[in-house]
Amino acid sequence: MPELAEAEFFRKRWDLAARGSKISAVLTHDRAKIYRGTDPAAVRRALTGTRFLGSEAAAKQMLFRFSGGAWLGVHLGMSGELRAEPPGYVPEKHDHLVLVTAKHSLVFKDPRMFGRVQFHQGKSAPAWWTKIAPALTSDAFTLESVSIFLRRRARAPIKAVLLMQERFPGIGNWMADEILWRAAINPLRLAGSLTPREVRTLWRECRHVARLALDVIAGEGDYLPPDLNHHIPKTWLFLHRWEDGGLCPKTKTPLVRQEVGGRTTCWSPARQKLRPA
DNA sequence: CCAATTGTTATTTA
DNA sequence: ATAAATAACAATTG
């Protein structure tokens, strides 16, 4: 489920519920694959008794910071979610990690277990966090960096290239389709075939969709929408991409679905032509 | 039983 | 050797 805006949504859920609180207990499903490379017993030991100091989201990941130099990383994979439950919550089958505070139980649920928990103890943030590419909304995400990247991936479909996290951190399947639809670029076009004008439009729409998605899905300030898709406007491709007989919100013509870059891709043939106009 | 799912990574192919 | 395509991972749902 989660792409960049969803990661921010779930981060805020834990943060607004329990930032500043003491962790009184940590519950783990020790056999769960989300702990690959991490020892759940060590996480329990290290976090119990600490205070939850703050958090950040970047790309599709979240970093939670605790007193004593403890850092908890969460990647939600395909089916992960974070919730804040009342105290006394009893973990269910797929609740692989629960941080207990006086007022809430912070739950990480992930049925498919493509998600991941990482842990680090130290003064500064761990390398697996700091090496994440600069955010789409930051000044470091430049037109030139996109242009160079597209040239290096010239023979791959642009849809597949947008999914590459080392240049487009946090873009997943639906965001890639939304960006290409807004930019009026066919997902099958090879990255190296885009005109300089198209590359600029694509770059601008990456930033635009990232900003819109963050505002609409994760809210602003201390406001958190009641659920992920609560405020998504009908004008977005997002709300029509899985409908049977779905229509393009801009052209009112039928949408098409086809596998591109290994993912089911939705686009509007009337708007996104194979040959540039 | 078959196919599907908003992700990542190892392996295979070109 | 490099880059792109494919399979695999796991669980659930239709």
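Note on naming: letters A, B, ... go to the chains in the order of the sequence lines (proteins, then strands), and numbering restarts at 1 for each one. Keep in mind that this is a model prediction, so the values were computed, not measured. Note that these values count all heavy atoms, side chains included, but never hydrogens, waters or copies made by symmetry.
For A/E3, whose side chain is taken as the heavy atoms from C-beta onward, the closest listed nucleotide among B/dA4, B/dG7, C/dT12 is B/dG7. With B/dT5, C/dA4, C/dA11 as the candidates, the nucleotide lying closest to the side chain of A/M78 is B/dT5. Residue A/N173 has its side chain nearest to B/dG7 when only B/dA4, B/dG7, B/dT8 are considered. Residue A/M113 places its side chain closer to C/dA11 than to any other of B/dA4, C/dA11, C/dA5. When distances are taken from the side chain of A/F114 to each of B/dA4, C/dA11, C/dA10, the shortest belongs to C/dA10. Here the side chain of A/H75 is nearest to one of B/dT8, C/dA3, C/dA11, namely B/dT8. Comparing B/dA4, C/dC9, B/dT8 against the side chain of A/K60 picks out B/dT8 as the nearest.
Distance check, rounded to the nearest 0.5 Å: CG of A/D95 to CD of A/E81 gives 8.5 Å. Expressed to the nearest 0.5 Å, how far CH2 of A/W242 lies from CG of A/L255 amounts to 11.0 Å.
Between A/S79 and C/dA10 there is no side-chain N or O to OP1 or OP2 distance below 4.0 Å. Residue A/K33 places at least one side-chain N or O under 4.0 Å from the OP1 or OP2 atom of C/dA10. Contact annotation: A/Q165 reaches the phosphate of B/dT8 (side-chain N/O to OP1 or OP2, under 4.0 Å).
The CD-P distance, from A/E166 to C/dA4, rounds to 10 Å in whole Å. The CZ atom of A/F149 sits 14 Å away from the C1' atom of C/dT2 (whole-angstrom rounding). The separation between A/D95 atom CG and C/dA11 atom C1' is 14 Å, rounded to whole Å. When the C1' atom of C/dA3 is taken as reference, atom CZ of A/R167 falls 17 Å away, rounded to whole Å. Per the geometry, CZ belonging to A/R151 stands 20 Å off P belonging to C/dT2, to the nearest Å. In this structure, CZ of A/R257 is placed 9 Å from P of B/dT5, rounded to the nearest angstrom. A/I34 places its CD1 atom 12 Å from the P atom of C/dA11, with the value rounded to the nearest Å. The CE-C1' distance, from A/M164 to B/dT8, rounds to 13 Å in whole Å.
Comparing the P positions of B/dC2 and C/dA8 gives an interatomic distance of 15 Å, to the nearest angstrom. Comparing the P positions of C/dA10 and B/dT11 gives a spacing of 15 Å, expressed to the nearest Å.
Across all strands shown, C/dA1 remains unpaired; no Watson-Crick or G-U wobble contact has both distances below 3.5 Å.
At a threshold of 4.0 angstrom between heavy atoms, the contacts of A/K109 with the nucleic acid are absent.
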Applying side-chain hydrogen bond (donor to acceptor under 3.5 Å, both in side chains) to A/T28 and A/R44, what does each step give before you reach the verdict?
CA-CA 8 Å; A/T28 59; A/R44 287 200 304 271; 2.6 Å; yes
(Q) Walk me through whether A/N186 and A/K159 qualify under side-chain hydrogen bond (donor to acceptor under 3.5 Å, both in side chains). (A) CA-CA 8 Å; A/N186 188 294; A/K159 165 65 184 273; over 6 Å; no
Quiz prompt | Worked check of side-chain hydrogen bond (donor to acceptor under 3.5 Å, both in side chains) between A/E144 and A/W203 | solution = CA-CA 9 Å; A/E144 196 195 6; A/W203 166 72; over 6 Å; no
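In the interface, the side chain of A/R112 is paired with the base of B/dT5 through a donor and an acceptor atom under 3.5 Å apart. In terms of polar N and O atoms assigned as donor or acceptor, the side chain of A/R263 comes within less than 3.5 Å of the base of B/dG7 in a complementary pairing.
Ring centers of A/F64 and A/W14: under 6.0 Å apart, within the cut-off.
Residue order along DNA chain C, read from the 5' end via each residue's closest nucleotide, puts A/E259 first among A/H94 and A/E259.
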